[in-house]
A.B. asks: 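Dropping a structure here in structure tokens format, bear with me for questions.
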Number of protein chains: 2
Amino acid sequence: MFVPDRQPKESARDFAFRTLKDNIVSLDLKPGTQISENEIAQVLGLSRTPVREAIIDLSKASIIETVPQKGSYVSLIDQKMVDEARFVRDVLDKAVIRLACRVADTESLDAMEENLHLQQFYLEKGDPKRLFTLDNEFHRLIYVAADKETTFEMRSSMLLHFDRVRRLSLSTVKDLKIVTDHQEMLSAIKSGDEEAAEALVDKHLKRYKLDEPWMREEHPEFFK
Amino acid sequence: MFVPDRQPKESARDFAFRTLKDNIVSLDLKPGTQISENEIAQVLGLSRTPVREAIIDLSKASIIETVPQKGSYVSLIDQKMVDEARFVRDVLDKAVIRLACRVADTESLDAMEENLHLQQFYLEKGDPKRLFTLDNEFHRLIYVAADKETTFEMRSSMLLHFDRVRRLSLSTVKDLKIVTDHQEMLSAIKSGDEEAAEALVDKHLKRYKLDEPWMREEHPEFFK
DNA sequence: TCTTGTCTACTTGTATACAAGTGTATCTGA
DNA sequence: TCAGATACACTTGTATACAAGTAGACAAGA
């Protein structure tokens with residue numbers, strides 16, 4: 001497990017939550033792995049209480065499963081859950097980008113523009129990790145532009161399942177294409193072209209063709 | 001605060017969670033009220049730990065807000081949050097009912113049919129509380145029919161904000177109309193008429209006209 | 001060999017003790 | 001009378017102790 005630095009003023013619980021979530025999504029903590037509250041507490045230099053609270057939080061998103069008096073486990077990859085996460089993303093993203101086309105103000109557009117410049121920068125520089133963060137942030141900015149930030153938070157918790165499988169998948173989407181998609185989205189929002197914007201979201205999401213049979217064959221122990 | 005009976009085998013945390021949630025949505029715990037972990041623990045006959053964990057869960061849905069070293073409070077009604085909950089319900093319900101039109105099997109349809117009979121029964125009997133439960137369950141069954149049950153859970157957590165304002169609103173939707181809406185929805189799903197089904201969801205949701213100015217005037221202390 | 005009971009080492013669930021910060025009431029001093 | 005210091009009662013955050021249940025190792029006995 002990878003243990004990041006604890007941010008100043010970050011509570012023990014938030015620190016434990018962040019660490020566990022990142023390790024699960026990055027597959028450093030593999031699906032099916034048993035998690036011991038005590039062990040995690042020791043590794044992170046905390047007591048059981050904040051670790052336990054973080055685990056409960058993650059259980060709510062079904063990314064950890066706890067069996068009383070037995071143990072907590074990183075959830076196996078559940079194809080149905082992955083599909084459902086993708087469905088939610090598809091439905092919400094489309095509705096929200098349409099809304100953004102109608103109500104986005106210049107401030108939001110500027111923020112997206114700035115983000116895109118950074119995407120371009122790190123694309124050329126070749127920093128996929130930083131690009132991943134900017135990608136996520138760009139989509140958040142669309143929600144912000146539509147004044148639906150809380151909805152984005154909800155979307156995020158469910159999307160953990162999807163993100164984790166993306167890591168596992170062979171098909172790496174070319175970063176170049178992603179950035180181009182984003183640029184086109186911003187153009188559509190600027191011109192208020194809802195139809196185009198929705199179509200772009202559709203195209204964007206379809207780039208992630210998750211080759212389930214291959215993944216199942218490669219890592220059968222990860223699947224439910 | 002109303003304290004229900006603890007179900008057999010219900011964990012202390014689940015019991016605390018259920019009790020707090022119901023009291024908040026029913027407005028027995030009024031918006032802005034300070035909640036003391038110790039006090040709740042005493043009232044429920046539990047220790048602080050499970051109560052605290054329940055409060056953390058509810059904080060995740062932004063229905064409780066905690067200020068470190070100061071206190072936890074039932075969130076004030078935030079119009080933006082209510083609108084957003086309504087938005088999510090609108091978008092997801094429409095997408096899901098369209099899906100249900102395509103994929104619902106007879107088992108799901110039967111379950112909905114049975115539910116509707118009960119709705120009819122309690123409508124004639126005049127039991128609005130039971131009817132409320134059946135209403136919620138009916139909408140869950142639509143999600144089940146579309147094989148999107150996890151999405152429903154997510155929707156529920158956000159809908160707390162909406163439900164709580166519904167309680168406060170003057171405009172009581174006639175139960176008769178609700179049941180009729182449901183019957184029409186089931187018909188549309190059975191015949192696979194996506195357009196009609198979506199239109200019904202729209203009509204259904206529009207029945208809840210929440211008179212915000214009136215509520216604000218009547219209970220200014222409840223609002224943000 | 002197989003069954004069965006027991007012991008042990010683990011797990012999570014809950015209760016309690018302590019740490020640290022906030023706000024208020026009160027007392028002190030001018 | 002008023003300003004400011006201070007003690008106190010409260011809060012949540014974290015650590016620790018104990019309760020209760022699970023599973024596996026292992027030995028005793030048929």
Side-chain angles (χ1 to χ4, degrees), chain A residues 1 3-21 23-24 29-76, chain B residues 1 3-21 23-24 29-76:
Chain A
M1 193 171 86
V3 180
D5 288 334
R6 181 162 171 189
Q7 305 285 336
K9 290 194 179 179
E10 186 178 38
S11 72
R13 170 152 56 97
D14 289 343
F15 175 55
F17 181 87
R18 181 168 64 89
T19 305
L20 282 171
K21 188 195 65 168
N23 275 279
I24 290 173
L29 280 174
K30 302 193 192 324
T33 308
Q34 180 166 7
I35 300 177
S36 159
E37 294 175 357
N38 268 316
E39 189 190 325
I40 302 287
Q42 199 166 5
V43 171
L44 301 190
L46 308 169
S47 76
R48 259 187 71 205
T49 304
V51 172
R52 174 179 169 76
E53 290 171 351
I55 287 177
I56 289 172
D57 268 6
L58 289 163
S59 299
K60 266 213 131 177
S62 301
I63 202 75
I64 287 181
E65 276 162 27
T66 296
V67 183
Q69 272 72 45
K70 187 156 177 274
S72 296
Y73 306 85
V74 178
S75 299
L76 291 173
Chain B
M1 194 171 84
V3 180
D5 288 335
R6 181 163 170 189
Q7 305 284 336
K9 290 193 178 176
E10 187 179 39
S11 73
R13 171 153 56 96
D14 289 344
F15 175 56
F17 182 86
R18 181 168 63 90
T19 304
L20 282 171
K21 189 195 66 170
N23 274 280
I24 290 173
L29 280 174
K30 303 194 193 320
T33 307
Q34 179 166 8
I35 300 178
S36 160
E37 294 176 358
N38 267 316
E39 189 190 326
I40 302 287
Q42 198 166 7
V43 170
L44 300 190
L46 308 168
S47 77
R48 259 187 72 206
T49 304
V51 171
R52 174 179 168 77
E53 289 171 353
I55 287 177
I56 290 172
D57 268 7
L58 288 163
S59 300
K60 266 214 129 176
S62 301
I63 201 75
I64 287 182
E65 276 162 26
T66 296
V67 183
Q69 273 72 44
K70 187 153 177 277
S72 296
Y73 306 85
V74 178
S75 299
L76 291 173

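In what follows, chains carry the letters A, B, and so on, assigned in the order in which the sequence lines appear, proteins first and then strands, with residues in each chain numbered from 1. As the structure is a prediction and not an experimental result, all values here were calculated from the model.
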A.B. asks: Atom CD1 of A/Ile40 and atom C1' of C/dT11: how far apart are they, to the nearest Å?
C.D. replies: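 So the CD1-C1' distance, A/Ile40 to C/dT11, works out to 14 Å.
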
A.B. asks: Side-chain N or O of A/Thr49 versus OP1/OP2 of D/dA15: is the shortest distance under 4.0 Å?
C.D. replies: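 So the side chain of A/Thr49 is outside the cut-off, no N or O lying under 4.0 Å from OP1 or OP2 of D/dA15.
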
A.B. asks: Would you name the heavy atoms of B/Val51 and B/Glu37 that are closest together and state the gap between them?
C.D. replies: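 Here B/Val51 and B/Glu37 meet closest at CG1-O, 3.9 Å.
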
A.B. asks: Respond yes when some side-chain nitrogen or oxygen of B/Ser72 is under 4.0 Å from OP1 or OP2 of D/dT12, and no when none is.
C.D. replies: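 Answer is yes, contact under 4.0 Å.
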
A.B. asks: Assign each of B/Ile55 and A/Leu46 to its nearest nucleotide of DNA chain D by heavy atoms, then name whichever residue's nucleotide is nearer the 5' end.
C.D. replies: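 Closest to the 5' end, via its nearest nucleotide, is B/Ile55.
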
A.B. asks: Nearest nucleotide by nearest heavy atom, which residue falls closer to the 5' end of DNA chain D, A/Pro68 or A/Pro50?
C.D. replies: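 By nearest-heavy-atom nucleotide position, the 5'-most residue is A/Pro50.
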
A.B. asks: Rounded to whole Å, how long is the line connecting atom CG of A/Asp14 with atom P of D/dT12?
C.D. replies: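 The distance from CG of A/Asp14 to P of D/dT12 comes to 17 Å, rounded to the nearest Å.
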
A.B. asks: Could a donor-acceptor pair under 3.5 angstrom be found where the side chain of B/Gln69 meets the base of D/dT12?
C.D. replies: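 Under the 3.5 Å cut-off, the side chain and the base do form a donor-acceptor pair.
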
A.B. asks: With a cut-off of 6.0 Å (strictly less than), are more than 12 heavy atoms of other residues, nucleotides or ligands near CD of B/Gln34?
C.D. replies: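 Result for CD/B/Gln34: enclosed.
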
A.B. asks: Of the candidate nucleotides C/dT11, C/dG13, C/dC18, which contains the atom at the shortest distance from the side chain of B/Arg48?
C.D. replies: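 Selected nucleotide (nearest to the side chain): C/dC18.
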
A.B. asks: Are A/Ser47 and D/dA15 close enough that a side-chain N or O sits under 4.0 Å from OP1 or OP2?
C.D. replies: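 So the side-chain polar atoms of A/Ser47 do come within 4.0 Å of the phosphate oxygens OP1 or OP2 of D/dA15, strictly under.
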
A.B. asks: Over how many whole Å does the gap from B/Arg6 atom CZ to C/dT14 atom C1' extend?
C.D. replies: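 Between C1' of C/dT14 and CZ of B/Arg6: 10 Å.
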
A.B. asks: With a 4.0 Å cutoff (strictly under), does any side-chain N or O of A/Thr66 reach OP1 or OP2 of C/dT12?
C.D. replies: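 False: A/Thr66 side-chain N/O out of range (4.0 Å or more) of C/dT12 OP1/OP2.
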
A.B. asks: How many angstroms lie between atom CG of B/Leu44 and atom CZ of B/Arg18, to the nearest 0.5 angstrom?
C.D. replies: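 Going from the CG atom of B/Leu44 to the CZ atom of B/Arg18 covers 10.0 Å.
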
A.B. asks: Within the 4.0 Å heavy-atom criterion, would you say B/Ile35 contacts the bases, only the backbone, or no part of the nucleic acid?
C.D. replies: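 Counting heavy atoms under 4.0 Å across all strands, the contact made by B/Ile35 is with sugar-phosphate only.
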
A.B. asks: Which whole-number value in Å describes the distance from B/Arg13 CZ to D/dA19 P?
C.D. replies: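 Distance, rounded to whole Å: 21 Å.
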
A.B. asks: Round to the nearest Å and state the distance from B/Glu53 atom CD to D/dT14 atom P.
C.D. replies: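 Rounded to the whole Å, the gap is 13 Å.
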
A.B. asks: Taking atom P of C/dA9 as reference, at what distance in whole Å does atom CD of A/Glu37 sit?
C.D. replies: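 Whole-Å distance recorded here is 21 Å.
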
A.B. asks: Please state how far atom OH in A/Tyr73 lies from atom P in C/dT12, giving the value in whole angstrom units.
C.D. replies: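 Computing the A/Tyr73:OH to C/dT12:P distance gives 8 Å.
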
A.B. asks: Below the 4.0 Å mark, does D/dG13 have OP1 or OP2 next to a side-chain nitrogen or oxygen of B/Arg52?
C.D. replies: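 True: B/Arg52 side-chain N/O within range (under 4.0 Å) of D/dG13 OP1/OP2.
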
A.B. asks: Could you give the CZ-to-P distance, from A/Phe15 to D/dG13, as a whole number of Å?
C.D. replies: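 Between P of D/dG13 and CZ of A/Phe15: 18 Å.
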
A.B. asks: Name the closest nucleotide to the A/Asn38 side chain, picking from D/dG13, C/dT11, C/dT22.
C.D. replies: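 The answer is C/dT11.
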
A.B. asks: Kindly say whether B/Ser62 contributes a backbone atom to a donor-acceptor pair with the side chain of B/Ser75 at under 3.5 angstrom?
C.D. replies: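 Yes; judged by distance alone, with no hydrogens or angles, the pair exists.
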
A.B. asks: Grab the two heavy atoms, one from B/Arg6 and one from B/Leu46, that are nearest each other, plus how far apart they are.
C.D. replies: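 It is NH1-CD2, 3.6 Å.
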
